[in-house]
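Following: one structure in structure tokens, then a few remarks.
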Amino acid sequence: VQERPATPWLQLFGAAVRRRGHKLAGPKGGRSLLHWVMTYDFPTVAPEIAQSLQAEAEWRILDIHPIYWYSLAICCSLALVFGYFTRPGTAPYEDSAVPPGFKKFRNMFMAGWALCASADWLQGPYVYALYADYGFARQQIAELFVAGFGASCIGGVFAGAVADKYGRRFAAECYCGLYVISCLSKHFNSYQALLLGRLAGGVATSLLFSVFESWAVSELNKRWKVSTLIQEHFFSTMWFVNFIVAIAAGLFSQALVSAAPEYWPNQHPTLGDGKWYLLGKTLPFDAAAMGLVLGWGIIWTQWKENFGTVDTGSESDAANRREWLTSWPLWACGIIVACFEGAMFIFVFNWTPAMTPAGHTPPHGLVFAMFMMCAMCGSCAVTLVQESVNIRKLALPMLLLAAGCLAACTTALSLPTATMLPVLLWAFNLFECCVGFYFPVISVVKSEVVPEEIRALAYNIYRVPLNALVVVVLLVDIPLRTSFFITVAMLLLASACMLSLDLRPKAAGRKGVEDYGSTKQEA
């Protein structure tokens, strides 16, 4: 209010307060305009103040730095263009070979998937900000992030086996229950409660990105027996819906927090007071819990249980596995995965404090939505060029661009706030484009480099250095610029490994890690 020019309604309100003999509260007065209007009776100007109060509530979401609105408009336009040209069509479902009732099954699965995935995305923008509002230091927040990340990694080792043994529908229901616990824990300003929530949320995340897809694959192959073309279209639609849900979750969470930005019962929580808080940045977590309840209802009433089988392998493959595991291309691929995805997880932790300089609070939901739009653009770009270009050859430029984006962040952090925010925002947006581009590209690289016989083993081994990098960087109390500098070094190392793969000649006719095969077919 002090920064905005005095509008007629503010002048009127100030005059009414002065007539009553009271002073308008200053920055430290601890009372909002809403409090003054609700606790004082102004019979002659009440209608005008009521209308003005409504206008003030409408302005709240617009009281954001213009750079965010301009950037959102650009990102939204690009996402719409890329999404339009790469949207999943309906041609495969027009085939007479599609079983009766399959479209209903597809729609039912997509509805449950969208609700359950939205619960994960709704929490993304405000996790760090909520912990900071509760008074926790950066190092304590890092410990909470590491707890969730570690639980996800450990849970991921056992999630598939547990789901195969006890049922994938049951595992999906467990996901909903664990994530509800994680959401409810965000209402407690207690380190122990938040730690419990992070552990539950970490295990739930490992279930989200393994169980749902496994259940769908089993249903498509065993129950519906549809063609490969329909299966490809099904999963393209699944991940397209995931991107749309992520964008919508960012915008919706921003709207919720803007509508009720103050906590209840205390507007300013104190560190570890153990109290239960509502409103404020807890609202997106409440919305996520509601989505989980609805998603659980669909899973419980519409899904049929299916189970997996355990493939123990044969002892005769042991010698070949040892040979493959000592091959440089396989380990170079592992270094690329560990360095890029490690840098990505460190970025997830650092973007909120980086964009929160003294005296400035970013619109976390809008920023998160922009990130998801940019990631969608990167993923869609792969779809557009994969028919005409060997997308594996684009991996090295993508890694170098990602390193350049985070290098720009290390420089931008020393600039004045007015210059720093636009540079950081667009460096982060470009990095998210690289993230969206990375996942389909690295899938091609891994399909060429890692033999099918040891694929699961190799992918699990890749998680070990990834986990170690993230845990060390987050738990060691280092400055923000140093953290970004480390991620740049990680991405440059990944670029060097990718260059070594590009320069390495292919050995035709060998079965192993150097017989890369047809890129287009493997993709």
Give a yes-or-no answer on whether the side chains of [X] and [Y] include a donor-acceptor pair shorter than 3.5 Å.
| X | Y | value |
| --- | --- | --- |
| S500 | W328 | yes |
| Q254 | Y68 | no |
| N189 | Y277 | no |
| Y191 | E143 | yes |
| W121 | N242 | yes |

Can you give me the closest heavy-atom contact between [X] and [Y], atom names plus distance?
| X | Y | answer |
| --- | --- | --- |
| A338 | L469 | O-CD1, 3.9 Å |
| A427 | A408 | CB-CB, 4.4 Å |
| L199 | A147 | CD2-O, 3.7 Å |
| S118 | A249 | O-CB, 4.4 Å |
| V444 | I391 | CG2-CD1, 3.5 Å |
| A216 | F234 | CB-CE2, 3.9 Å |

Quiz item: Salt bridge between R392 and D502, side-chain N to carboxylate O under 4.0 Å?
Solution: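 Answer for the salt bridge query: yes.
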Exercise. Test side chain to side chain contact (heavy atoms under 4.5 Å, CB included) on M420 and M355 and set out the steps.
Key: CA-CA 9 Å; M420 178 188 71; M355 298 197 67; over 6 Å; no
Establish, yes or no, whether a centroid distance under 6.0 Å links the rings of [X] and [Y].
| X | Y | result |
| --- | --- | --- |
| F109 | F212 | no |
| Y179 | Y175 | yes |
| F428 | F347 | yes |
| F368 | W351 | no |
| W113 | W239 | yes |
| Y126 | H364 | yes |

Practice problem: List in chain and number order the residues that pass side chain to side chain donor-acceptor pair (under 3.5 Å) with Y438, two or more places apart in sequence or in another chain; answer none if no residue qualifies. | Solution: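 For Y438, the residues satisfying side chain to side chain donor-acceptor pair (under 3.5 Å) (neighbours in sequence not counted) are E341.
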Quiz item: Mind checking what makes side chain to side chain donor-acceptor pair (under 3.5 Å) contact with W426, not counting sequence neighbours?
Solution: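 With sequence neighbours excluded, W426 shows a side chain to side chain donor-acceptor pair (under 3.5 Å) to S71, given in chain and number order.
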For [X], I'd like to know if atom [atom1] has over 12 heavy atoms of other residues, nucleotides or ligands within 6.0 Å.
| X | atom1 | value |
| --- | --- | --- |
| F170 | CZ | no |
| W276 | CH2 | yes |
| Y166 | OH | no |

With rounding to the nearest 0.5 angstrom, report the [atom1] to [atom2] distance, [X] to [Y].
| X | Y | atom1 | atom2 | answer |
| --- | --- | --- | --- | --- |
| L72 | L251 | CG | CG | 6.0 Å |
| K275 | S190 | NZ | OG | 13.5 Å |
| L122 | M290 | CG | CE | 11.0 Å |

Practice problem: For the pair R168 and F307, evaluate side chain to side chain contact (heavy atoms under 4.5 Å, CB included) and give the outcome as yes or no after the intermediate values. | Solution: CA-CA 6 Å; R168 291 158 180 159; F307 301 87; over 6 Å; no
Quiz item: Which residues pass the salt bridge (charged side-chain N to carboxylate O under 4.0 Å, His left out) test with D133, sequence neighbours left out?
Solution: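 So D133 forms a salt bridge (charged side-chain N to carboxylate O under 4.0 Å, His left out) with K281.
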Practice problem: Just do the side chain to side chain contact (heavy atoms under 4.5 Å, CB included) check on V226 and N221 with the steps written out, would you? | Solution: CA-CA 7 Å; V226 295; N221 289 329; over 6 Å; no
Practice problem: Run the numbers on L491 and C339 for side chain to side chain contact (heavy atoms under 4.5 Å, CB included), then give the verdict. | Solution: CA-CA 6 Å; L491 291 171; C339 289; 5.8 Å; no
Quiz item: Between Y134 and F136, how do the two ring planes meet: parallel, tilted or perpendicular, split at 30° and 60°?
Solution: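 Taking F136 first and then Y134, their aromatic rings stand perpendicular (interplane angle over 60°).
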Quiz item: Aromatic rings F431 and F340: how do their planes relate, parallel, tilted or perpendicular, breaks at 30° and 60°?
Solution: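 The arrangement is parallel - the two ring planes meet at less than 30°.
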